[in-house]
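Encoded as structure tokens, the structure appears first; notes follow it.
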Amino acid sequence: MPDTDRIYTAALLIIGDEILSGRTQDANLAYLAKWLGVQGIRLREVRVVADDHAAIGAAVKALSGAYDYLFTTGGIGPTHDDITVDAIAAALGVGVVVHPAARAILEKYYGDKLTDARLRMARVPEGAELIENPRTGAPGIRHGNIFIMAGVPSITQGMLAALDGKLPGGKPVLSRTVAAWTAESAVAATLAAVEKANPGTQIGSYPFWREGRTGANFVIRATDPMLLDACAVALLAALTEAGLAPVDGEI
């Protein structure tokens with residue numbers, strides 16, 4: 001059984017020249033962070049590297065050793081520049097093999113349209129397990145604490161859904177938002193005081209500019225719902241005392 005008092009951590013490694021060039025905007029980070037929070041796992045670090053064997057390998061070694069889980073996205077498709085599997089296998093010191101179950105999945109999905117290029121998606125680091133892909137069949141890959149996933153957001157989300165509730169984690173991170181029409185700098189001391197008076201909570205400030213006005217959403221996070229609510233009540237009271245008209249929710 002997982003230790004719910006322990007803080008489980010994860011890192012995300014985003015792989016792809018197209019991300020670094022700006023040609024493609026990453027859409028997996030926000031989704032993964034929220035999904036991990038529900039699993040009771042904290043996303044602690046994110047890196048972006050090019051389609052480069054050495055860069056991928058160095059990042060995998062560093063991140064998989066520093067955190068409970070490492071998720072990678074990108075570079076497991078059918079083309080020659082999809083080198084993630086090869087780079088991770090080299091970093092782990094294992095060979096690359098065609099996983100028989102992955103091959104069977106692709107044969108069923110593509111039928112007589114299964115080309116050598118598509119068969120590349122059955123290649124895994126030796127000793128790996130598969131992660132179900134309900135979208136396109138081609139599975140994700142798990143090797144120890146490393147989860148190798150596609151870069152296409154809808155496919156990644158399907159793979160994460162297949163992992164729901166299956167990874168040891170701590171208490172889910174809960175959140176509640178309080179908002180006000182104010183510059184965050186004007187209430188910085190208030191936020192710090194409320195957070196200090198409510199151990200076990202964190203308050204993040206997210207300013208916005210709308211309708212010619214300045215406002216901010218204050219997101220309170222905690223693993224204990226009672227602490228979360230107590231902090232929200234305290235923040236609402238403190239902002240009201242400061243002469244504002246706070247909203248219990250997001251603006």
Side-chain angles (χ1 to χ4, degrees), residues 10-21 23-24 26-29 31-32 35 45-110 113-163 166-167:
L12 169 62
L13 178 61
I14 302 168
I15 301 167
D17 293 337
E18 70 277 8
I19 300 293
L20 290 168
S21 70
R23 181 180 179 87
T24 300
D26 176 74
N28 289 316
L29 169 55
Y31 189 92
L32 177 66
W35 181 86
E45 185 173 351
V46 180
R47 295 191 193 183
V48 184
V49 298
D51 293 310
D52 177 85
H53 274 267
I56 296 170
V60 166
K61 287 181 179 179
L63 296 174
S64 64
Y67 301 99
D68 294 302
Y69 304 106
L70 168 61
F71 292 80
T72 76
T73 58
I76 60 170
T79 60
H80 71 283
D81 59 343
D82 289 312
I83 61 171
T84 296
V85 168
D86 301 85
I88 292 179
L92 296 173
V94 301
V96 175
V97 299
V98 173
H99 195 292
R103 181 178 188 130
I105 290 170
L106 294 175
E107 287 175 342
K108 181 178 180 180
Y109 187 86
Y110 288 107
K113 295 181 180 180
L114 180 60
T115 62
D116 288 341
R118 286 171 172 162
L119 189 57
R120 283 177 54 83
M121 294 186 289
R123 300 166 70 250
V124 303
E126 190 170 6
E129 305 170 31
L130 302 181
I131 303 170
E132 180 186 357
N133 170 13
R135 298 283 300 185
T136 64
I141 304 162
R142 176 178 183 174
H143 197 292
N145 71 335
I146 303 171
F147 297 80
I148 308 167
M149 299 186 163
V152 178
S154 61
I155 298 176
T156 301
Q157 291 169 22
M159 292 177 177
L160 290 173
L163 294 171
K166 296 181 179 178
L167 304 183

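Computed from heavy atoms alone, side chains included, the values below leave out hydrogens, waters and symmetry copies. Remember, predicted model here, so these are calculated numbers, not experimental data. By convention here, the first residue in the shown sequence is residue 1.
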Which atom pairs, donor and acceptor, lie under 3.5 Å between side-chain atoms of residues 147-161 and protein residues at least two apart or in another chain?
unit_1, atom_1, unit_2, atom_2, d
Thr156, OG1, Ala150, O, 2.5
Thr156, OG1, Val152, O, 3.2

**Fill in**
Hits for salt bridge (charged side-chain N to carboxylate O under 4.0 Å, His left out) against Asp26, two or more places apart or cross-chain, chain-then-number order -> none
**Prompt:** Atom CG in Leu13, atom CG in Leu70: separation rounded to 0.5 Å?
**Reply:** 6.0 Å
**Request:** Quick one: list whatever passes side chain to side chain contact (heavy atoms under 4.5 Å, CB included) with Ala128, sequence neighbours left out.
**Result:** Val124, Pro125, Ile141, His143
**Partners passing side chain to side chain contact (heavy atoms under 4.5 Å, CB included) against Ala117 (at least two apart in sequence or in another chain)** = Pro78, Thr115
**Complete:** Sorted by chain and residue number, the side-chain hydrogen bond (donor to acceptor under 3.5 Å, both in side chains) partners of Thr136 (sequence neighbours excluded) come out as Asn133
**Request:** Would you please name every residue forming a side chain to side chain contact (heavy atoms under 4.5 Å, CB included) with Asn145, sequence neighbours left out?
**Result:** Ser64
**Prompt:** At their closest point, which heavy atom of Met121 faces which heavy atom of Gly77, and how far apart are they?
**Reply:** CG-C, 3.8 Å
**Asked** What residues, two or more places apart in sequence or in another chain, satisfy side chain to side chain contact (heavy atoms under 4.5 Å, CB included) together with Glu45?
**Response** Ala11, Arg47, Leu63, Tyr67
**Request:** Please name all residues satisfying salt bridge (charged side-chain N to carboxylate O under 4.0 Å, His left out) with Glu126, sequence neighbours left out, ordered by chain then number.
**Result:** none
**Prompt:** Between atom CD1 of Ile83 and atom CD1 of Ile56, what is the distance when rounded to the nearest 0.5 Å?
**Reply:** 4.0 Å
**Asked** Among pairs that include at least one residue of residues 78-90, which meet side chain to side chain donor-acceptor pair (under 3.5 Å), considering only residues two or more places apart or in two chains?
**Response** Thr79-Asp81, Thr79-Asp82, Asp86-Arg123
**Approximate separation, where rounding is to 0.5 Å, of Ile15 CD1 and Leu20 CG** = 11.0 Å
**Item:** Within residues 65-76 or reaching into it, pairs that qualify as salt bridge (Lys or Arg N to Asp or Glu O under 4.0 Å) - sequence neighbours excluded
**Value:** Arg6-Asp68
**Asked** Asn28 versus Phe71: any side-chain heavy-atom pair under 4.5 Å?
**Response** no
**Request:** Using the salt bridge (Lys or Arg N to Asp or Glu O under 4.0 Å) rule, collect all pairs that involve residues 137-155, keeping only residues at least two apart or in two chains.
**Result:** none
**Item:** Nearest atoms (heavy-atom pairs only) where Leu114 meets Leu119
**Value:** CD1-N, 4.0 Å
**Message:** Please report the interatomic distance CD1(Ile19) to OG1(Thr73), rounded to the nearest 0.5 Å.
**Reply:** 7.0 Å
List the atom pairs, with distances to 0.1 Å, where a side-chain N or O of residues 96-110 and a protein N or O form a donor-acceptor pair under 3.5 Å, not counting sequence neighbours.
unit_1, atom_1, unit_2, atom_2, d
His99, ND1, Ala101, N, 3.1
Arg103, NE, Glu107, OE2, 3.1

